[in-house]
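All chains are named by letter (A, B, ...) in the order of the sequence lines, taking the proteins before the strands, and each is independently numbered beginning at 1.
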There are 2 protein chains.
Amino acid sequence: MKNKSSDIACDNVHSAIQDTLYVVNGKWKLVILSILVNNGTKRFGELSRASGISPRILSKELHELEINQLVSRKVCDTKPITVEYSSTEYAETLKEVIDAMIRWGQNHRRKIIGQ
Amino acid sequence: MKNKSSDIACDNVHSAIQDTLYVVNGKWKLVILSILVNNGTKRFGELSRASGISPRILSKELHELEINQLVSRKVCDTKPITVEYSSTEYAETLKEVIDAMIRWGQNHRRKIIGQ
DNA sequence: GTAACTACTTACCTTTTAGTAATTGGTTAC
DNA sequence: GTAACCAATTACTAAAAGGTAAGTAGTTAC
């Protein structure tokens, strides 16, 4: 029988990764967050155009991010009405993950092209 | 008209994240990699039991990781035959991403439970 | 009153993902 | 020869993800 404490540690790591994936799942959540974290507040339409995400998907993803307190929604009293989305303070804690993924993706592309 | 250089920068960031997601997509690839990176070489069956991934999925995921040079496969001349999977040197470059996700997941769990 | 702008929402469809269960193939022990 | 072990693979299915296109709703400008 194997070391039990390392099994527990392994399980914690396993769960931790799955927990993170559960919150930032899908093709778009990290892209949306990187835009909001790096470029600040965006309106719904701006975000749709900037990311290339269709309204249906964008709406769904923003809602899920809002539920997880990573994005906040503010209705502005403009004519016509506009809605501003911003990354929350809690989203800042994801910056480490986002930046690591950006760096890896950039490096990977260089590697692939170089081959 | 908006600043063109920042549009390009934004697009690079966008693509970089999607490139990374393309390589480590799905529920399991980062879990598999974290096991191999942290615990070293594992056999197919060990990996299946350690991760709780069924043979069909594990086989598919390992194959995709192998194609992307993140995992190496070694057939051992044992009786019965066994197959060892290891993370490659290139997989080490993903450690930053994996570790950031582990830390975030652990922190997030603490936050959720605390609420 | 009709066109335009914003921010969605709905209906519909296709593709992808992930899972179970059973099977294959090679080898060894009894 | 038959049971057992390992590493897959195949067939099948259910669920989720993601996309298009069109519609809704509130307001304003002409």
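We find that CD of A/Q18 is positioned 12 Å from C1' of C/dA18, with the value rounded to whole Å. Summarising the geometry, the separation between NZ on B/K29 and C1' on C/dA18 is reported as 11 Å, rounded to the nearest angstrom. Straight-line distance from the CD atom of B/E46 to the C1' atom of D/dC6: 12 Å, rounded to whole Å. In this structure, the OH atom of B/Y22 is 10 Å from the P atom of C/dT16, given to the nearest Å. When the C1' atom of D/dA16 is taken as reference, atom CD of A/E64 falls 11 Å away, rounded to whole Å. Distance A/I32 CD1 to D/dG18 P: 10 Å, rounded to the nearest Å. For the pair B/I81 CD1 and C/dT27 C1', the computed distance is 9 Å after rounding to whole Å. Computed from coordinates, the B/L58 CG to C/dA18 C1' distance equals 13 Å when rounded to whole Å.
Among the nucleotides D/dA17, C/dT20, D/dT28, the one closest to any side-chain atom of B/R56 is C/dT20. Closest to the side chain of A/W28, out of C/dC8, D/dA17, D/dG19, is D/dG19. Residue A/S59 has its side chain nearest to C/dC8 when only C/dT20, C/dC8, C/dC5 are considered. Listed nucleotides C/dT17, D/dA8, C/dC8 differ in distance to B/N25; the shortest reach to its side chain belongs to C/dT17. Each of C/dC5, D/dA8, C/dA7 was ranked by its minimum atom distance to the side chain of A/R43; first place goes to C/dA7. Listed nucleotides: C/dA18, C/dT28, D/dT20. Nearest to the side chain of B/K79: C/dT28. Listed nucleotides: D/dC6, D/dT9, C/dC8. Nearest to the side chain of B/P80: D/dC6.
Base contact: B/I57 has a heavy atom under 4.0 Å from a base atom. Residue-level contact check: B/S54 touches the bases, meaning some heavy atom is under 4.0 Å from a base atom.
For B/T41 and B/S86, the side-chain atoms include at least one donor-acceptor pair closer than 3.5 Å.
Mapping B/P55 and B/K60 onto DNA chain C by nearest heavy atom places B/K60 closer to the 5' end of the strand.
A/V23 places a side-chain heavy atom less than 4.5 Å from the side chain of A/L70. Counting heavy atoms from C-beta on, the side chains of A/I98 and B/I17 come closer than 4.5 Å.
Residue A/Y85 places at least one side-chain N or O under 4.0 Å from the OP1 or OP2 atom of C/dC8.
Using bins of under 30°, 30° to 60° and over 60° for the plane-to-plane angle, the ring pair B/H108/A/Y90 lands in the parallel bin.
Put simply, the residue from B/T20, B/D19, B/N12 that forms a side chain to side chain donor-acceptor pair (under 3.5 Å) with A/R109 is B/D19.
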